[in-house]
There are 2 protein chains.
Amino acid sequence: MTHVEILKKHNLKATPQRLSILNTLEMYGHVTLEEIEKYTKVNFPTLSLSTIYRNINEMIKKNVVSEVKITNSKDYFEINKEKHAHLICKECGKIEDFKIDTQDIVKNIQSLTNDKIIDATLNFEVICKECLSGK
Amino acid sequence: MTHVEILKKHNLKATPQRLSILNTLEMYGHVTLEEIEKYTKVNFPTLSLSTIYRNINEMIKKNVVSEVKITNSKDYFEINKEKHAHLICKECGKIEDFKIDTQDIVKNIQSLTNDKIIDATLNFEVICKECLSGK
DNA sequence: GTGTCTGCAAATTATTTGCACGTTG
DNA sequence: CAACGTGCAAATAATTTGCAGACAC
């Protein structure tokens, strides 16, 4: 689905500002607010910070974008895709998506509590292969 | 270990301010900054916000306290204990500690990536037993 | 054309800092 | 008593909001 289609599907007008924000998210995968500002302004110098805030919040509310919170670091944002976990390199800080079925984990864990587990947010601290190989 | 001992062990002087913050964390388990301010000031009305900020940050740096980041909610703080996961009730918002060995999960997952997995931060969205039973 | 969106400036909220004084070990 | 910690006020940073004009559909 194109970004235009995604926006329309969620009753958001496909403005150039929104498209450029989504484009930045697409290109960089996981970005902080300042990074969105920095990278997006390269191609869209007149974009204002308040528009970024308004749109990120709006798109989060509509489930187009989601927030990735990582201990001891800033908040990141990503385009909403299939559910996945994150691998966060302790050394270089890179964040990678990690496609595992979180429901598998949920099933394994469910027997350990009386609460009904609905879903899981999983962040793994890693040393990524590049850092491991000393690159 | 008492709070005084914990602080000394980390080269932090055991001031009444720090002890009262730790006491609030102990009593409530997981608290936001505003909650720390609110609850702590009941017994310590002169405590200043900047002292709370300074000490929370200091204690995080020294691993006395840790930050709990949950998608779509404020940051919480807790006293550092054995590694554990969190169960977050979608309905009432309550956060419970969930004592599972995160290393077990790490082991199960390690074969799926070439990154070296060091540790895991696990948050489970749940409906807690109280909400389930309609209380 | 109408309702939504944007940029700007101003308001509000959150966090940090400098400094003079108090306290801990 | 020396180093460290605190409160206060001021500085800075982060986020939100009101409004007038612009744009998407």
Side-chain angles (χ1 to χ4, degrees), chain A residues 2-24 31-62 64-77, chain B residues 1-25 31-62 64-77:
Chain A
T2 65
H3 293 159
V4 173
E5 289 166 342
I6 292 174
L7 289 171
K8 297 217 168 140
K9 197 176 103 179
H10 292 87
N11 293 314
L12 296 168
K13 292 193 173 176
T15 65
Q17 287 86 343
R18 282 177 185 151
L19 292 170
S20 68
I21 292 170
L22 288 176
N23 204 43
T24 296
V31 276
T32 63
L33 230 125
E34 303 82 73
E35 287 168 347
I36 293 175
E37 188 186 15
K38 190 168 86 185
Y39 298 143
T40 308
K41 280 192 167 176
V42 172
N43 295 311
F44 202 134
T46 61
L47 180 68
S48 75
L49 237 193
S50 46
T51 296
I52 296 176
Y53 274 109
R54 272 192 283 232
N55 281 323
I56 286 288
N57 289 337
E58 195 65 23
M59 293 192 288
I60 286 174
K61 208 178 299 171
K62 297 271 172 72
V64 174
V65 165
S66 52
E67 202 183 22
V68 180
K69 293 204 172 200
I70 297 170
T71 308
N72 298 325
S73 91
K74 296 200 166 178
D75 292 349
Y76 287 82
F77 301 94
Chain B
M1 214 181 334
T2 65
H3 292 161
V4 173
E5 290 166 341
I6 292 174
L7 289 171
K8 297 215 168 143
K9 196 176 104 179
H10 291 88
N11 295 313
L12 295 168
K13 292 189 175 179
T15 64
Q17 287 86 342
R18 282 179 186 148
L19 292 170
S20 69
I21 292 171
L22 288 175
N23 203 42
T24 296
L25 292 175
V31 275
T32 63
L33 229 124
E34 304 81 74
E35 288 168 348
I36 293 175
E37 187 186 15
K38 190 169 86 187
Y39 298 144
T40 308
K41 280 192 168 176
V42 172
N43 295 310
F44 201 136
T46 61
L47 181 68
S48 75
L49 236 194
S50 46
T51 296
I52 296 177
Y53 274 109
R54 271 192 284 234
N55 281 324
I56 285 290
N57 289 338
E58 194 65 24
M59 293 192 288
I60 286 174
K61 208 179 298 170
K62 298 269 171 74
V64 174
V65 165
S66 52
E67 203 183 22
V68 180
K69 293 204 169 200
I70 297 170
T71 307
N72 297 327
S73 91
K74 294 201 169 181
D75 293 349
Y76 287 82
F77 301 94

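The chains referred to below are lettered A, B, ... by the order of the sequence lines, with proteins before strands, and numbering in each begins at 1.
- Considering all non-hydrogen atoms of both residues, B:Ser20 and B:Phe44 come closest at OG-CD1, 3.5 Å.
- Distances shown here put a side-chain N or O of A:Asn57 below 4.0 Å from the OP1 or OP2 atom of D:dT16.
- Distance A:Ile52 CD1 to C:dG7 P: 9 Å, rounded to the nearest Å.
- A:Lys38 meets the salt bridge (Lys or Arg N to Asp or Glu O under 4.0 Å) test with no other residue; sequence neighbours excluded.
- Phosphate proximity of D:dC23 to A:Gln17: absent, as no side-chain N or O sits under 4.0 Å from OP1 or OP2.
- For the residue pair A:Val4 and A:Ala14, the shortest heavy atom distance occurs at CG1-CB, 4.0 Å.
- The nearest heavy atom of DNA chain C to B:Ala14 and to B:Glu34 marks one nucleotide each, and the one closer to the 5' end goes with B:Glu34.
- Distance CD (A:Glu58) to P (C:dT6): 10 Å, rounded to an integer number of Å.
- Checking side-chain atoms of B:Lys69 against main-chain N and O of A:Ser73 turns up a donor-acceptor pair under 3.5 Å.
- When only modelled atom types and interatomic distance are considered, A:Thr40 and A:Thr24 share a side-chain donor-acceptor pair under 3.5 Å.
- Residues B:Asn11 and B:Ser50 each lie close to DNA chain D; by heavy-atom proximity, the contact nearer the 5' end of the strand is made by B:Asn11.
- The phosphate of D:dG5 (OP1 or OP2) has a side-chain N or O of B:Arg18 nearer than 4.0 angstrom.
- Nucleic acid contact for A:Thr15: sugar-phosphate only, since backbone atoms but no base atoms lie under 4.0 Å from a heavy atom of the residue.
- In this structure, CZ of B:Arg54 is placed 14 Å from C1' of D:dA11, rounded to the nearest angstrom.
- Side-chain atoms of A:Thr51 stay outside donor-acceptor range of the base of C:dC5, with no qualifying N/O pair under 3.5 Å.
- Across its full length, the helix from C:dG1-D:dC25 to C:dG25-D:dC1 shows an angle of 50° between the axes of its 5 terminal pairs at either end, rounded to 10 degrees.
- Atom pair B:Lys62:NZ and D:dC4:P shows a separation of 9 Å (rounding to whole Å applied).
- Look at A:Glu34 and A:Lys74 and you find a salt bridge, because one of the NZ, NE, NH1 or NH2 atoms lies within 4.0 Å of a carboxylate O, short of that distance.
- Among the nucleotides D:dG7, C:dT24, C:dG7, the one closest to any side-chain atom of A:Leu47 is C:dG7.
- Distance NZ (B:Lys13) to P (C:dT24): 9 Å, rounded to an integer number of Å.
- One atom, CG of B:Leu19, and another, C1' of C:dG25, lie 14 Å apart when rounded to the nearest Å.
- A straight line from OH of B:Tyr53 to P of D:dA9 spans 17 Å, rounded to a whole angstrom.
- Atom CG in A:Asp75 sits roughly 13 Å away from atom C1' in D:dT15 (whole-Å rounding).
- Counting only distance, with no hydrogens or angles, the side chain of B:Gln17 and the backbone of B:Leu47 share no donor-acceptor pair below 3.5 Å.
- Considering only the side chain of A:Pro16, D:dA24 comes nearest among C:dT6, D:dA24, D:dG5.
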